[in-house]
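Please read the structure below before turning to the comments.
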Amino acid sequence: TDRSRGLGDVYKRQVEYSTEKPVSQITVQGILYSKENATITLQIKKDGESVFNQSKQLEAVPGIDTTVDLVYSTIK
């Protein structure tokens, strides 16, 4: 678990987080904020197997702060 990452960090590669103990329900949100074209990919694994793997493309607009997000949740 890498708890040193923050909102102001720049991510250029893969970042991985994990729970310390088993959980029964989880919600994960990835938010991409950029002034350049970029892609965010969110992959969720359970017991080493992928249960969610999606990407979204951010199309930058000059002069406008742009965000896209991906959400995975087992909570209904």
Side-chain angles (χ1 to χ4, degrees):
T1 303
D2 185 352
R3 293 195 171 125
S4 65
R5 300 276 184 195
L7 292 176
D9 291 344
V10 175
Y11 298 97
K12 295 184 179 181
R13 298 190 182 197
Q14 179 177 323
V15 178
E16 184 175 307
Y17 297 94
S18 62
T19 60
E20 293 180 9
K21 295 181 180 182
V23 296
S24 60
Q25 301 290 325
I26 191 167
T27 296
V28 179
Q29 181 179 31
I31 302 172
L32 174 62
Y33 170 87
S34 183
K35 293 184 179 187
E36 299 177 12
N37 292 342
T39 303
I40 184 172
T41 300
L42 181 62
Q43 182 178 33
I44 308 297
K45 292 182 178 182
K46 180 178 181 181
D47 300 326
E49 293 188 32
S50 181
V51 295
F52 182 87
N53 189 358
Q54 288 188 3
S55 296
K56 275 192 183 175
Q57 188 75 23
L58 182 142
E59 299 292 331
V61 178
I64 298 176
D65 297 332
T66 308
T67 62
V68 294
D69 74 322
L70 287 169
V71 178
Y72 171 82
S73 184
T74 60
I75 301 170
K76 304 293 179 192

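- Residues satisfying the salt bridge (charged side-chain N to carboxylate O under 4.0 Å, His left out) criterion with Asp47, sequence neighbours excluded, are absent altogether.
- Applying the 6.0 Å contact sphere to NZ of Lys46 captures no more than 12 heavy atoms from other residues, nucleotides or ligands.
- Cluster partners of Ile64 are Val61, counting Ile, Leu, Val, Met, Phe, Trp and Tyr whose side-chain heavy atoms approach within less than 4.5 Å, directly or via other members.
- Contact detail for Ala60 and Glu36: the closest heavy-atom pair is CB-C, 3.6 Å.
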Can you give me every donor-acceptor pair (side chain of residues 21-31, partner residue at least two apart or in another chain, under 3.5 Å) with its distance?
unit_1: Gln25; atom_1: OE1; unit_2: Thr74; atom_2: OG1; d: 2.9
unit_1: Thr27; atom_1: OG1; unit_2: Ser73; atom_2: OG; d: 2.7
unit_1: Gln29; atom_1: NE2; unit_2: Asp69; atom_2: OD2; d: 2.9

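- The hydrophobic cluster containing Val71 does not contain Leu32, counting ILVMFWY residues as joined when their side-chain heavy atoms lie under 4.5 angstrom apart, directly or transitively.
- For the pair Asn37/Glu59, a side-chain contact is recorded, criterion being any heavy-atom separation below 4.5 Å from C-beta on.
- Between Leu70 and Lys56 the shortest heavy-atom distance is CD2-CG, 3.6 Å.
- Shown here are the salt bridge (charged side-chain N to carboxylate O under 4.0 Å, His left out) partners of Lys35, two or more places apart in sequence or in another chain: Asp65.
- Looking only at side-chain heavy atoms (C-beta outward), Leu58 and Ile40 stay at 4.5 Å or farther from each other.
- By the ring-ring contact (aromatic ring centres under 6.0 Å, His included) test, Tyr33 is found to be paired with no residue, residues two or more places apart in sequence or in another chain being considered.
- The stretch residues 39-76 participates, sequence neighbours left out, in these ring pair (Phe, Tyr, Trp, His ring centres under 6.0 Å) pairs: Phe52-Tyr72.
- The number of heavy atoms from other shown groups lying within 6.0 Å of CD (Gln57) is above 12.
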